[in-house]
Amino acid sequence: MTINYGELEERWRKAWNEAKVYEPEPNDNEPVFVTAAFPYVNTPQHIGHLRTYGTADVYARYMRLRGKNVLFPMGFHATGTPILAVAKRVLKGDKDIIDTLMDFDIPIEDIKKMSDPVFCAEYIMHMHQEGFVISGLSIDWRRKFISIEPIFSKMVEWQFGKLNDAGMLKKGLHPVGWCRNENNAVGQHDTKGDAEPEIEALTAVKFKDRDTDAYFVCATYRPETIDGVTNIFVGEHIDYVIAEVGGSKCYLSKHAAEKLSFQKDVMVIGSIDAGELLKRRAINPSNGETVPVLPGYFVEHNIGTGIVMSVPAHAPFDYVALENLKRKGYPVPAMEYRKVVEVHKDGQDADAIPALTQLEMIGKGKEFTDDIVEEATKNLYRLESRWGVISYGKYKGKSEADARELIKTDLVSTGGAFEMYDLANKVPVFCRCGTEVVVKLVDQWFINYGDASWKEKVRTHMANMRFFTQSNANTFSKVVDWIEMRATERAQGLGTRFPLNPEHIIEPLSDSTIYMTMYTYINVLREAKVSADQLKPEFFEYVYLEKGDPDAVSSSTGIDRMAVKKCREMFDYWYKNTSRHSGSDLIYNHLTMYIFNHVLLFDKTRLPNQIVVNGLVNYEGKKMSKSLGNIVPLKKGVAKYGADPLRFIEIVTADLNTDTEFSEKGVASIQAKNEIIVNAVSSLQEMKTQELTHIDYWMYSRLNSKIKAATEHMDSMNFKEAYLEIYYNSINELKRYADHGGSNGIVVREFLEKVTVMLSPVMPHFAEEVWHMLGKTTFVVVEPWPEFDESAINITEETIAEIIDATTQDIKGVIDMRSKSDSNRDKRPIAIEIIVADQWKTTALNGLAKEKSISKVMDLDELSGIERQRLSKFLSQFAKKINALVPVPQIAEDAILNGFRDSIQYIEAKTGVGNITVSLENMSHSNRAERATPQMPAIDIRWE
RNA sequence: GCAGGGAUAGCAAAGCUUGGUCAAAUGCGCUAGGUUCAGGGCCUAGUCCCGUAGGGGUUCGAGAGUUCAAAUCUCUCUCCCUGCACCA
């Protein structure tokens, strides 16, 4: 029977909707509040998005079955620039964005309207909502909102007022990519070719001109090599200027002066010819040495300052440039290529010049072209940064990495250098408008997540949170150590105005750290028709912190008194036992900021309880991405595969924190297995009620140990293991049960019923269908999760089953092996005797597992009746692995004998041998009988 | 560079926290057979090497160590991936 997922899923969604099963109200049960990071609505969803929301849904559904009062709401995020960018691109008729939107089946006339950002956000929001609905998420839609609504802004304004009151908003300088034409910060999506502006800090070292009061400014990544400087390089064709920088006269390229003016006070006084500079001498600020100025062929005006400090021992470019000059007969004064860093590592020649060694290694005798020098530079930098030790001067013996910071700090503090920023990109980065991007230091507001006492509060609280994997807990803890200032205002984008600078908006991650609180009462605000301007701070103070009283709040805001009270009651009831879900990429920002803001603003009972972080989804082995063209829109995916198979594949087939693999084959296999379950339900009609046999007890045992294991796995958020038990193993057990002649309707029915309930969190629609096929009239999605019956877990029966299966395998193996040989090729086995070990062997084996000594077991009283030689022979076969022995269950001879006898038909079918007998070791006449061990009966196969 | 994570059989991926029951789950691929079998699906068996009785041998990035015992613990090395703040 083929399952029509589309039809069945829609039918059950409609039934649940009508019964309002996902619209909880406070009751006596314990509330559980499940939220997932609200989606950003600049593009519609693809099937990968289902991972996070589905994971949250499975948890919500599981909690619901466990009798909790579960609220799972959802909102949408739209602040910031991406939606603005989409609208702008649509307005320009950008083909790329229009194609992308058309891939999601948006009609062209609607796409045209998306040049309005608000329309765009709301349109895509509706698509997301529909996607969530058809995916079967158990969301309470009465509480939906979008982050560009005025009432959302009111909450954010309250939050920032609190942050400011707590002194956590700070003003400071921050380097950003900058377009001087548009006067705007530029991020990756604002540049041509979406190049990420890579901002790097450099040290600008000031070498004084010996004869004037000006300085040569050299930008470097390696200030620690300062004592190895032999000369200064300038470019012969570069335009240089003299400029007043931070109070002192400096030489630098014209281009550099311009760029630097976005970071420091720069006043150009005049220009100076490269030829003039070449006549000067420069003084090393570290050691006072006077060095010459030479022409460097590789120096460029737009990299760094256009002036380079030359360290030929450690910089391949410098070395090569000096050699070139010498070869051309340029008057290069005698100089020492001083080595200031040593690498203590195998294969490093202590006397050689590192730059030359590296060049020769890479150049292999060829001419040193720029590519080779470039690579040598990279290698040497890596080698010395990792292994280098300073071998000269004050910091001799320190690692290069440590010395870099120390020397830089020394230079800066004595006025010998200043810090500057530049783009580290290989090629210049251009704004979409065509202007080259520079680094600007902007004066702006930050949230000070580096505040020591704040961090301490966060750490203290995090010790009480659940993160489910040790690795996630560690990551969070590292992020807390690392997080410092976070810029919190933006020049452009949708969103809430920043209270301390209303020209700007609040940065879109900072505005969504406490929004989940709003789900608890927003439906009350809507019903009471509360407007944004009524949401004054005192409202939030009362609802969130119970400060003030409802009468005062009501009279100052004009909000109905009952509504004010109800908002507080709803927040009070729902906002505890919270479970926060998101993809792992948000650990580094959103999730950490979520903890910080809660800890600062709310009281202890309202703080985050647990965070569940999940991996992503790969498509047929590859990452889903626009460039690979393998993005499957969620709507298409659900229509094609069914929401339930899609949910199963995405949510429970991989460990929580790793990526799942989506494949068509995988979906097909889930669909096929679902059909097996449906067939099992149909087969119930032919089954009768009868007395329980071995196989029935085994089935009960499996069912109950399954429930036990699955419950433990679900509780620790280990969905993969849980559903291995609930789904895959159940199907195998149904098969094994039938193979072994199981046919008891009562047993199978109970098995199927309980499995169906456990299946419902992942495949709610399908489970509901099966549940009703089983004749039920309730909703499976609100049934209680099954309890396990410890007494029904029967280790003996499960062990016997394992022994029977293993023995059957062994028999097959032996037959296969024997029939491969020439002498037996034509012979067929005609009879098999299975010989079950005598009881005393279990005693002896368990004795050995405990005593770890053969002689001690020989002396045991309970084995005194056993013939010495037989006992010794039996024990000695375990001698080699005596330390690895573990006790085995003691099983009565009759039980195992009967188990085999009940399974004779099965073994015959599996092995193709018709004459199978089972006997006890001491009753058998076979000369193989004594080979029997407790876990492994002896087998004697007779051939024709 | 800084921080985090990883390296397991043809591929993908468990297991390693709490060393032994690990030749190592599972899925895919591949091979053979079956199926009124559409070159599909499903079923059965096999898939490191050797083996005429359920056995033996050699494996879990490389090297060293701890141990009666290591895929699992320690150290060193090599290589790979991800994030790094104006970007949601």
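The sequence lines fix the lettering, A, B, ..., with proteins before strands; numbering per chain opens at 1.
- With a cut-off of 3.5 Å on both pairing distances, U52(B) has no Watson-Crick or G-U wobble partner at all.
- The CG atom of Asn732(A) sits 12 Å away from the C1' atom of A25(B) (whole-angstrom rounding).
- Tyr619(A) has its ring centre less than 6.0 Å from the ring centre of Phe662(A).
- Checking A88(B), C84(B), G54(B) against every side-chain atom of Tyr40(A), the shortest atom distance belongs to A88(B).
- Nucleotide U58(B) is matched to nothing when pairs are restricted to Watson-Crick or G-U wobble geometry with both distances under 3.5 angstrom.
- With salt bridges taken as basic N to acidic carboxylate O contacts below 4.0 Å, one links Arg942(A) and Asp940(A).
- Ring to ring, Phe498(A) and His504(A) are not that close: their centroids are 6.0 angstrom or more apart.
- Rounded to whole Å, the distance from CD1 on Ile587(A) to C1' on A88(B) is 16 Å.
- In this structure, Ser147(A) contributes its side chain and Ala78(A) its backbone to a donor-acceptor pair below 3.5 Å.
- Taking the six-membered ring where the residue is Trp, the centroids of Phe467(A) and Phe476(A) are separated by under 6.0 Å.
- Considering only the side chain of Ile483(A), A85(B) comes nearest among G46(B), A85(B), A53(B).
- Computed from coordinates, the His49(A) NE2 to A88(B) P distance equals 15 Å when rounded to whole Å.
- Counting any heavy atom pair closer than 4.0 Å across all strands shown, Asp940(A) reaches a base atom.
- If you check every strand for non-hydrogen atoms under 4.0 Å, His590(A) touches nothing.
- Between His174(A) and Phe446(A), the ring centre distance stays below 6.0 Å.
- Asn589(A) places its CG atom 10 Å from the C1' atom of G83(B), with the value rounded to the nearest Å.
- In this structure, CH2 of Trp482(A) is placed 13 Å from P of G83(B), rounded to the nearest angstrom.
- Taking atom C1' on both nucleotides, A12(B) is separated from A62(B) by 23 Å, rounded to a whole Å.
- Ala938(A) comes within 4.0 angstrom of a nucleotide base, judged by non-hydrogen atoms across all strands.
- Using modelled atom types and a 3.5 Å distance limit, the side chains of Ser510(A) and Thr488(A) yield a donor-acceptor pair.
- Set against G55(B), G46(B), A53(B), the side chain of Met936(A) has G55(B) as its closest nucleotide.
- Along RNA chain B, the nucleotide closest to Asp810(A) and the one closest to His77(A) are compared, and the more 5′ of them pairs with Asp810(A).
- In this structure, of U44(B), A85(B), G54(B), it is A85(B) that holds the atom nearest to the side chain of Glu484(A).
- When both distances must be under 3.5 Å, the Watson-Crick or G-U wobble mate of U67(B) does not exist.
- Distance check on atom P: U44(B) versus C50(B) gives 27 Å, rounded to whole Å.
- Pairing for G41(B) is with U35(B), a Watson-Crick or G-U wobble pair whose two hydrogen-bonding atom distances lie under 3.5 Å.
- The listed nucleotides are G4(B), G54(B), A45(B); the one nearest the side chain of Lys478(A) is G4(B).
- One can place CD1 of Ile124(A) at 14 Å from C1' of A88(B), the figure rounded to the nearest angstrom.
- With the nearest nucleotide of RNA chain B identified for both Thr475(A) and Val814(A), Thr475(A) has the one nearer the 5' end.
- In this structure, Pro937(A) reaches the bases: a heavy-atom distance under 4.0 Å links it to at least one base atom across the strands shown.
- With C1' as the reference atom, G27(B) and U78(B) are 31 Å apart, rounded to whole Å.
- The partner of A25(B) cannot be assigned: no Watson-Crick or G-U wobble pair with both contacts below 3.5 Å exists in any strand.
- Counting only distance, with no hydrogens or angles, the side chain of Asn846(A) and the backbone of Val888(A) share a donor-acceptor pair below 3.5 Å.
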Checklist entry - Which letter, B, S or -, goes with each nucleotide of nucleotides 7-18 of chain B from 5' to 3', with contact meaning a protein heavy atom under 4.0 Å? => result -------S----

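- A side-chain donor-acceptor contact under 3.5 Å links Asn614(A) and Thr52(A).
- Nucleotides A25(B) and A14(B) are separated by 14 Å at their P atoms, to the nearest Å.
- Side-chain atoms of Arg222(A) and base atoms of G1(B) include no donor and acceptor less than 3.5 Å apart.
- A gap of 16 Å separates the C1' atoms of G10(B) and C60(B), to the nearest Å.
- Base pairing of G46(B): its partner is C30(B), meeting the Watson-Crick or G-U wobble criterion (both donor-acceptor distances under 3.5 Å).
- The base-pairing partner of A7(B), taking Watson-Crick or G-U wobble contacts with both distances under 3.5 Å, is U78(B).
- Remark: the separation of the P atoms in G39(B) and C30(B) is 16 Å, to the nearest Å.
- One atom, CD of Gln809(A), and another, C1' of A53(B), lie 15 Å apart when rounded to the nearest Å.
- Between C22(B) and G57(B), the distance separating the two C1' atoms is 16 Å to the nearest Å.
- Nucleic acid contact class of Arg404(A) (heavy atoms, under 4.0 Å, all strands): none.
- At a threshold of 4.0 angstrom between heavy atoms, the contacts of Gln935(A) with the nucleic acid are absent.
- Here Asp805(A) pairs with Arg736(A) in a salt bridge; the nearest charged N to carboxylate O distance falls below 4.0 Å.
- Comparing the P positions of A3(B) and A13(B) gives a spacing of 27 Å, expressed to the nearest Å.
- Nucleotide A85(B) holds its P atom 10 Å from the CD atom of Glu200(A), rounded to whole Å.
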